[in-house]
Amino acid sequence: MDARPKTIYLPDTMVNWPWPRTVNPHYEDVKAEIDASFRDFKALSPELQEAFDKCDLALLTALFYPKAPREHFRVGCDLMNLYFIFDEYTDFKNEALTKEMADIVFDALHNPHKKRPEDECILGEITRQFWARAIQSASLSSQRHFLETFPVYLYAVVDEALDRGQDHRRSLDDYLKLRRKTIGVQPSFLILLMGINLPDEVLNHPVITDLAECIIDFVLIDNDMLSYNEEQANGNDAHNIISTIMFDLGLDVSGAMAWAAHYHTEVQKRFIDGLAKVPSWGPSVDVLVKEYLDKTALLARGNHSWSDETQRYFATMGPEIQKTRLVPLLPRLDRKAM
């Protein structure tokens, strides 16, 4: 008999976040365009296409980047779709197959004008088209930043596959080090930086990198809290902060949710306090730094808002769960029966 609780209390982690929900005005217009172009790839089975449609990644992009001009927003949609398809293609795959796909994506990024092999996985062409469009309007510094950070995400997913294949559970500290990479937030700053030429000395300054890490932690905590229910039901929860807290700290699911929410609050304070520590690089650069940091804060809010509004996590129960914060605990699948 399953002695676990019948419901999970889901803390509202962003209730005191000062930056409000804002949506990009190009959302409706670009959504129709991007959804049609993605279907042309024929990359998903009917079942996965239905799951993709329920995610509404154009809405995620519109909430992530509410101030992006139309072309940058369009590139952001391409990037979110690339994350989705890479995640779907590598989910449950072993290390070797995952690395093979990561290598394809890496090669396409560095050869955006080179025709992909006809027998290659569609990931190559999806990546090539995304990056060929992006470099038309992205600043050189944002391109360099993306090419440095996106491979870190790709090969961290390979490390995740290795953990999965070896049934390896990480400590909380080690998990956070890996999850900050697999969550894919740092490469997503591309869209925030496309029209800004921030010097490397700014982006790499310890205060700025710590503020960026805060945003990354917000997104990974919120995503892992929301996805835990489905992942534990599927037996795929080893790469999740809730199950890691339970494993490493010996807490039950309620205690793990509370711990994660408390950590989220601490990170919020760290971000707010960190804003006061941002140094000056002169008036012309300072205004760009403030714009960039404000946009990262909106990204964190956007991720949380999308999580409440999409059907990805809770199907049609989202509005009810927003009110009660109670999520029915899904039964674990019987893998032997499967």
Side-chain angles (χ1 to χ4, degrees), residues 14 17-35 37-38 52 55-87 109 126-127 129-150 153 183-198 202-203 208 211-220 222-223 271 275 287-310 312:
M14 297 291 272
W17 191 239
W19 286 265
R21 176 193 183 278
T22 313
V23 66
N24 192 293
H26 301 293
Y27 163 59
E28 294 289 351
D29 175 35
V30 173
K31 174 178 168 55
E33 176 185 322
I34 191 70
D35 285 355
S37 67
F38 189 72
F52 172 83
C55 284
D56 195 353
L57 294 180
L59 177 60
L60 172 62
T61 312
L63 292 166
F64 252 33
Y65 311 117
K67 297 185 178 182
R70 190 187 192 282
E71 181 57 24
H72 295 177
F73 174 55
R74 174 68 166 77
V75 172
C77 289
D78 286 338
L79 178 57
M80 295 305 117
N81 288 351
L82 176 57
Y83 279 128
F84 179 92
I85 195 70
F86 186 72
D87 183 63
L109 275 178
I126 292 173
T127 304
Q129 289 191 26
F130 149 69
W131 194 235
R133 176 186 287 271
I135 59 180
Q136 293 177 28
S137 59
S139 67
L140 291 177
S141 61
S142 68
Q143 291 181 43
R144 185 171 63 252
H145 176 78
F146 184 80
L147 290 176
E148 290 171 354
T149 58
F150 196 74
Y153 154 75
I183 193 66
V185 173
Q186 188 137 23
S188 302
F189 291 157
L190 164 73
I191 311 303
L192 309 180
L193 294 166
M194 284 182 79
I196 304 175
N197 260 312
L198 279 179
V202 174
L203 287 176
I208 303 300
L211 289 168
E213 185 175 285
C214 289
I215 299 300
I216 293 167
D217 281 0
F218 293 151
V219 176
L220 79 84
D222 285 336
N223 281 22
F271 183 86
L275 291 176
V287 68
L288 296 178
V289 172
K290 184 180 185 307
E291 176 188 343
Y292 167 65
L293 293 174
D294 280 342
K295 287 179 178 179
T296 67
L298 286 170
L299 184 152
R301 166 64 73 187
N303 177 73
H304 187 268
S305 298
W306 174 78
S307 299
D308 281 339
E309 297 169 31
T310 183
R312 178 172 176 84

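Every heavy atom of this structure was used, including side-chain atoms; hydrogens, water molecules and symmetry mates were not.
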Colleague: State which residues pass ring-ring contact (aromatic ring centres under 6.0 Å, His included) with Tyr153; sequence neighbours excluded, sorted by chain then number.
Modeller: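 With neighbours one apart ignored, the set is Tyr83, Phe86, Phe150.
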Colleague: Determine whether Ile208 and Val289 make a side-chain contact, defined as any pair of heavy atoms from C-beta on separated by less than 4.5 Å.
Modeller: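 With C-beta onward as the side chain, the pair touches.
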Colleague: Please round to the nearest 0.5 Å and tell me the distance separating atom OH of Tyr292 and atom CG of Leu211.
Modeller: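 One finds 9.0 Å between OH of Tyr292 and CG of Leu211.
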Colleague: What closest approach, in Å, do Met80 and Ser188 show between heavy atoms, and which atom pair accounts for it?
Modeller: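 Reported closest heavy-atom pair: CE-OG, 3.9 Å.
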Colleague: Give the intermediate values and the outcome of side-chain contact (heavy atoms from CB on, under 4.5 Å) for residues Ile216 and Gln186.
Modeller: CA-CA 7 Å; Ile216 293 167; Gln186 188 137 23; 3.9 Å; yes
Colleague: Tell me the closest heavy-atom pair linking Phe73 and Ala62, and the distance in Å.
Modeller: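 So the minimum-distance heavy-atom pair works out to CE1-N, 3.3 Å.
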Colleague: With side-chain contact (heavy atoms from CB on, under 4.5 Å) as the criterion, how do Phe130 and Asn81 come out once you've worked through the C-alpha distance, each side chain's angles and the decisive distance to 0.1 Å?
Modeller: CA-CA 9 Å; Phe130 149 69; Asn81 288 351; over 6 Å; no
Colleague: Report the residues that fulfil side chain to side chain contact (heavy atoms under 4.5 Å, CB included) with Leu288, sequence neighbours left out, ordered by chain and then residue number.
Modeller: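 For Leu288 the side chain to side chain contact (heavy atoms under 4.5 Å, CB included) partners, ignoring immediate neighbours, are Ile196, Leu198, Glu291.
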Colleague: Indicate yes or no for a side-chain donor-acceptor contact from Ser139 to the backbone of Leu193 under 3.5 Å, with no hydrogens or angles considered.
Modeller: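 Pair found, side chain donor or acceptor close to backbone of Leu193.
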Colleague: In sequence, state the C-alpha distance, the side-chain angles, and the governing distance for Leu192 and Thr296, and then conclude on side-chain contact (heavy atoms from CB on, under 4.5 Å).
Modeller: CA-CA 8 Å; Leu192 309 180; Thr296 67; 3.6 Å; yes
Colleague: If you round to the nearest 0.5 Å, how far is OG1 of Thr310 from CG of Leu63?
Modeller: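 Those atoms lie 10.0 Å apart.
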Colleague: Run the side chain to side chain contact (heavy atoms under 4.5 Å, CB included) test against Lys290 and tell me which residues pass, sequence neighbours left out.
Modeller: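 Per chain and number, Lys290 pairs via side chain to side chain contact (heavy atoms under 4.5 Å, CB included) with Asp294.
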Colleague: State, to 0.1 Å, how close Ala68 and Ile191 come at their nearest heavy-atom pair, and which atoms those are.
Modeller: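 Between these two residues, the closest heavy atoms are CB-CG2, 4.3 Å.
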Colleague: Looking only at non-hydrogen atoms, find the nearest pair between His26 and Pro69 and report the distance.
Modeller: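 Shortest heavy-atom separation between His26 and Pro69 comes out as CD2-C, 4.1 Å.
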Colleague: Restricting to pairs with a member in residues 56-72, which pass salt bridge (Lys or Arg N to Asp or Glu O under 4.0 Å), not counting sequence neighbours?
Modeller: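 Those involving residues 56-72 are Asp29-Arg70, Lys31-Asp56, Glu33-Arg70, Glu71-Arg133.
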Colleague: What's the verdict on side-chain contact (heavy atoms from CB on, under 4.5 Å) for Phe189 and His145, showing C-alpha distance, side-chain angles and the deciding distance?
Modeller: CA-CA 9 Å; Phe189 291 157; His145 176 78; 4.2 Å; yes
Colleague: Would you say Phe146 and Leu79 make side-chain contact, with heavy atoms under 4.5 Å?
Modeller: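 A side-chain contact under 4.5 Å exists here.
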Colleague: Say you draw a straight line from CD1 of Ile85 to CD1 of Ile126; how long is it, rounded to the nearest 0.5 Å?
Modeller: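 Ile85 atom CD1 to Ile126 atom CD1 measures 5.0 Å (nearest 0.5 Å).
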Colleague: So which heavy atom on Asn197 is nearest to which on Ser141, and how close?
Modeller: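 Taking every non-hydrogen atom into account, OD1-OG, 3.1 Å.
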Colleague: Are any non-hydrogen side-chain atoms of Arg74 and Ser37 less than 4.5 angstrom apart?
Modeller: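 A side-chain contact exists here, since the closest heavy-atom pair is under 4.5 Å.
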Colleague: Under 3.5 Å, side chain of Arg21 to main-chain N/O of Ser305, donor-acceptor pair present?
Modeller: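 Pair absent, no side-chain N/O of Arg21 close to backbone of Ser305.
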Colleague: How close do Ile34 and Ala58 get, heavy atom to heavy atom, and via which atoms?
Modeller: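 Residues Ile34 and Ala58, closest heavy atoms: CG2-CB, 4.3 Å.
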Colleague: Hey, could you give me the OG/CG distance between Ser307 and Leu60, rounded to the nearest 0.5 Å?
Modeller: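 Interatomic distance, Ser307 OG to Leu60 CG, rounded to 0.5 Å: 8.0 Å.
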Colleague: Between atom CG of Leu298 and atom CG of Leu293, what is the distance when rounded to the nearest 0.5 Å?
Modeller: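 Taking CG in Leu298 and CG in Leu293, the distance rounds to 11.0 Å.
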Colleague: Are Pro20 and Arg301 close enough that some pair of their side-chain heavy atoms sits under 4.5 Å apart?
Modeller: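 No, side chains not in contact.
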Colleague: Could you pull out all residues at least two apart from Glu148 that satisfy side chain to side chain contact (heavy atoms under 4.5 Å, CB included)?
Modeller: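 Testing Glu148 for side chain to side chain contact (heavy atoms under 4.5 Å, CB included), a comparison that skips the adjacent residues, returns Arg144.
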Colleague: Does the side chain of Phe64 reach to within under 4.5 Å of the side chain of Asn24, using non-hydrogen atoms?
Modeller: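 Side-chain contact under 4.5 Å: no.
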Colleague: Should Leu147 and Leu109 count as side-chain neighbours, where that means a heavy-atom distance under 4.5 Å?
Modeller: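 Answer yes - side chains close enough.
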Colleague: Nearest 0.5 Å please: distance from the OH atom of Tyr65 over to the CG atom of Leu299.
Modeller: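 The OH atom of Tyr65 sits 5.5 Å away from the CG atom of Leu299.
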Colleague: Which of parallel (below 30°), tilted (30 to 60°) and perpendicular (above 60°) describes Trp17 and Phe218?
Modeller: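 Answer is perpendicular, since the angle exceeds 60°.
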Colleague: Partners of Ile135 by side chain to side chain contact (heavy atoms under 4.5 Å, CB included), sequence neighbours excluded?
Modeller: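 Pro112, His113, Trp131, Gln143.
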